[in-house]
Amino acid sequence: MIFETHAHYDDEAFDQDREELLNSLRDAGIGTVINVCAEVSGWDRTVALTEKYPFVYGAVGVHPDDVGSLNEEAMERMRDLCRREKILAVGEIGLDYYWDKENHETQIYWLERQLDVAREEKLPVIIHSRDAARDTLETMKRKRAGEIGGVLHCFSYGKEMAREYLDMGFYLGIGGVVTFKNGKKLKEVVEYAPLERLLLETDSPYLAPVPNRGKRNSSLNLPYVAEEIARIKQVDTETVVRVTEENARKLFGI
Ligand code: NI
């Protein structure tokens, strides 16, 4: 079954129909979901989702847009949450120079601190990197992130950068953008990278694939992403679903 490696079901975009939607996933072939935190206020909501739904797991971390509010006390709490059985990763963490909400030094500092927590708690990381290719790669290398392992979520760079992360042992998260007409760069990356190193993700409620581009996204749209990867790799969709599920189970240890 499809393994959704990146969704934000604690987002208010799902307040109207969260339960109904989550309960409909298994019948639609979505077997497992990782709910990824973006901010400290999402940690408890994510834990609650993992307690309510057997197939929902969690990742705890703070997105680069929100690291301005972080402190060491929060890091301690994060560490405690990492020890919960259904928390599988630290994320999403990284650098975002597109929205540029926090200065670069602050973003890099908290990326490093959260990488430290992941290393100490022996969890993989879910990395967000937008318009920050060089600093992300330098930070990851400096912190020897290859020893920690993880995924570059919503991968948005080209083949050269993909090779750097593949060499580091990282996976690439592929979502709706691969179906976009202007998603040529990502299609090339998917063609280039081994299927054994790709993960399916939506980043719901954002980035819905064609034919639902622009609408609220949910894991129900993942078959469109799997179909496009299958077309590019010239394999059948079931193979994409099966291999990416195996990849996710291996990375996240379930
Ligand atoms: Ni996300």
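Just so you know, ligand 1 is whichever comes first in the structure, and atom 1 is the first atom listed for that ligand. Owing to the predicted nature of the structure, the values given are computational and were not obtained by experimental measurement.
If you count the protein N, O or S atoms nearer to the Ni ion (ligand 1) than 2.8 Å, you get 4.
The list of salt bridge (Lys or Arg N to Asp or Glu O under 4.0 Å) pairs with a residue in residues 127-139, not counting sequence neighbours, reads Arg134-Glu138. For residues 163-177, the set of pairs meeting the side-chain hydrogen bond (donor to acceptor under 3.5 Å, both in side chains) definition, not counting sequence neighbours, comprises Lys141-Glu164, Glu160-Arg163.
Considering His6, His63, His8 as possible partners of His128, the one that fulfils the ring-ring contact (aromatic ring centres under 6.0 Å, His included) test is His63.
Other residues, nucleotides and ligands place no more than 12 heavy atoms under 6.0 Å from the CD atom of Glu73. Counting non-hydrogen atoms of other residues, nucleotides and ligands closer than 6.0 Å to OH of Tyr206 gives a total of 12 or fewer.
Listed by chain and residue number, nothing satisfies the ring-ring contact (aromatic ring centres under 6.0 Å, His included) test with Phe252 (two or more places apart in sequence, or in another chain).
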